There are 2 protein chains.
Amino acid sequence: MPRAGLTTDRLVRAGAELADEVGFDQVTVSALARRFDVKVASLYSHLENSQDLKTRIALLALEELADRAADALAGRAGRDALAAFADVYRDYAREHPGRYAAARLRLDPETAAASAGVRHAQMMRAVLRGYDLTEPEQTHAVRLLGSVFHGYVSLELAGGFSHSAPDSQETWEWILDRLDALLRGRPAT
Amino acid sequence: MPRAGLTTDRLVRAGAELADEVGFDQVTVSALARRFDVKVASLYSHLENSQDLKTRIALLALEELADRAADALAGRAGRDALAAFADVYRDYAREHPGRYAAARLRLDPETAAASAGVRHAQMMRAVLRGYDLTEPEQTHAVRLLGSVFHGYVSLELAGGFSHSAPDSQETWEWILDRLDALLRGRPAT
DNA sequence: TGCCCTTTCCTAAAAATGTTAGGCAAGCCG
DNA sequence: CGGCTTGCCTAACATTTTTAGGAAAGGGCA
């Protein structure tokens, strides 16, 4: 019987695909084994356990998201940068809902510190450098933007804004406008 | 052997407590049976299945939350109402993290339509009546507030803002200030 | 080429959860 | 006080997670 060619990397990538297809909490070692047409126990040579799989998918998602954000931010500043950054989250979540959910997994402190989460924080600060904020306002702003982005994306993903007017895209642009105005201390147009 | 006196209601309430203690996704029919010192199968006379239990806990949480919000809003308007409403969410989530997580459970459309979720939406609109918004701006604002509240609370609950200055309460007040200013179309102070 | 050794994948088994079917008896109602 | 409903039980099976130990695939080396 030929070998299946399992590696941790392939398993994690397949796990991420599975998450996008059936939802992150439906990702299970058994389902993954089925996908590779292999017995469940075989995965345990490549993964510590079920939690390990989920953590690795989360780390993958954080990396992908950070890479996209870095691309999007290149050469942009101010409102442009804000919108580009925000869109990265929203688009990623819509393209990869399972991965996005994975990225929200609570990691233990050391894992988190070694993850791409750190880059996310740095990029958020970079975006805010385009506005004239001093500490502690910049931190407040980091938290506000994090809340809005995460909150909006997760409500949208949960179907909260579908089937009702105005459509979600319009609201999204309205919000980005107001946030931009808020950050520069001006009323919106 | 005396009977345990199980009812759907008692089970759901105990399930909600369990959720607050160990986390909503650790709520399991087995754990609930243990808590009543009863065999697992016995619960199936009172609950359809595991999903049913979770849905009922979610509905309970939505009710409680809506009741609190209604209390908080009585006699308030403008920034006061906004802050009171926002605080209800945040406080509830901190007192009852498991129930709050339950309240975020995705319900199927009919269940959602019959739930206290409807009251939440109405109250949000009521708060916004204190600001001078016309459609479609009011809808944009509903979505913005929903995003910020949910996003902030869920990041705070995940521990995102602990162990770093300034403390969360300060940021929360800053955010409410800016949102109030944003909604009335003025720059913040 | 042929042998060895590492690694990969397997079988087997145990524990936990979810779920269904059918049985006995508790305790209300007449 | 006897009957009937209903509450809780036993029994059984499926699924998932996890560990222990075995067999063979296939690369490295003579």
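Within every chain, numbering begins at 1; the chains are lettered A, B, ... in the order of the sequence lines, protein sequences first and strands thereafter. Computed from a predicted structure; not experimentally measured.
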Counting side-chain heavy atoms from CB outward, which of [options] is closest to [X]?
{"X": "A:Tyr44", "options": "C:dC9, C:dT20, D:dT19", "value": "D:dT19"}
{"X": "A:Ala4", "options": "C:dC9, D:dT18, D:dT16", "value": "C:dC9"}
{"X": "B:Val38", "options": "C:dT20, D:dC8, C:dC9", "value": "D:dC8"}
{"X": "A:Ala41", "options": "D:dT17, C:dG18, C:dC10", "value": "C:dC10"}
{"X": "B:His46", "options": "D:dT16, D:dC8, C:dC9", "value": "D:dC8"}
{"X": "A:Val40", "options": "D:dT16, D:dT18, D:dC8", "value": "D:dT18"}
{"X": "B:Lys39", "options": "D:dC9, D:dT17, C:dT17", "value": "D:dC9"}

Round to a whole Å and report the spacing from [atom1] of [X] to [atom2] of [N].
{"X": "B:Gln26", "N": "C:dG18", "atom1": "CD", "atom2": "C1'", "answer": "16 Å"}
{"X": "B:Leu11", "N": "D:dC8", "atom1": "CG", "atom2": "C1'", "answer": "12 Å"}
{"X": "B:Leu32", "N": "C:dT19", "atom1": "CG", "atom2": "P", "answer": "13 Å"}
{"X": "B:Leu47", "N": "C:dT17", "atom1": "CG", "atom2": "P", "answer": "16 Å"}

Look at all strands and tell whether B:Ser45 reaches a base, only sugar-phosphate, or nothing, counting heavy atoms closer than 4.0 Å.
-> base
More 5' along DNA chain D: A:Arg34 or A:Glu48, using each one's nearest nucleotide?
-> A:Arg34
Over 12 non-hydrogen atoms of neighbours within 6.0 angstrom of CG in A:Asp37 = no
Within the side chain of B:Thr8, is there an N or O that forms a donor-acceptor pair under 3.5 Å with the backbone of B:His46?
-> yes
Report yes if at least one side-chain N or O of B:Ser50 is closer than 4.0 Å to OP1 or OP2 of C:dT17; otherwise report no.
-> no
Stepwise side chain to side chain donor-acceptor pair (under 3.5 Å) check, B:Arg143 with A:Ser164 | CA-CA 12 Å; B:Arg143 293 170 177 180; A:Ser164 66; 2.9 Å; yes
Minimal non-hydrogen separation, B:Val88 against B:Ala72, with atom names | CG2-CB, 3.5 Å
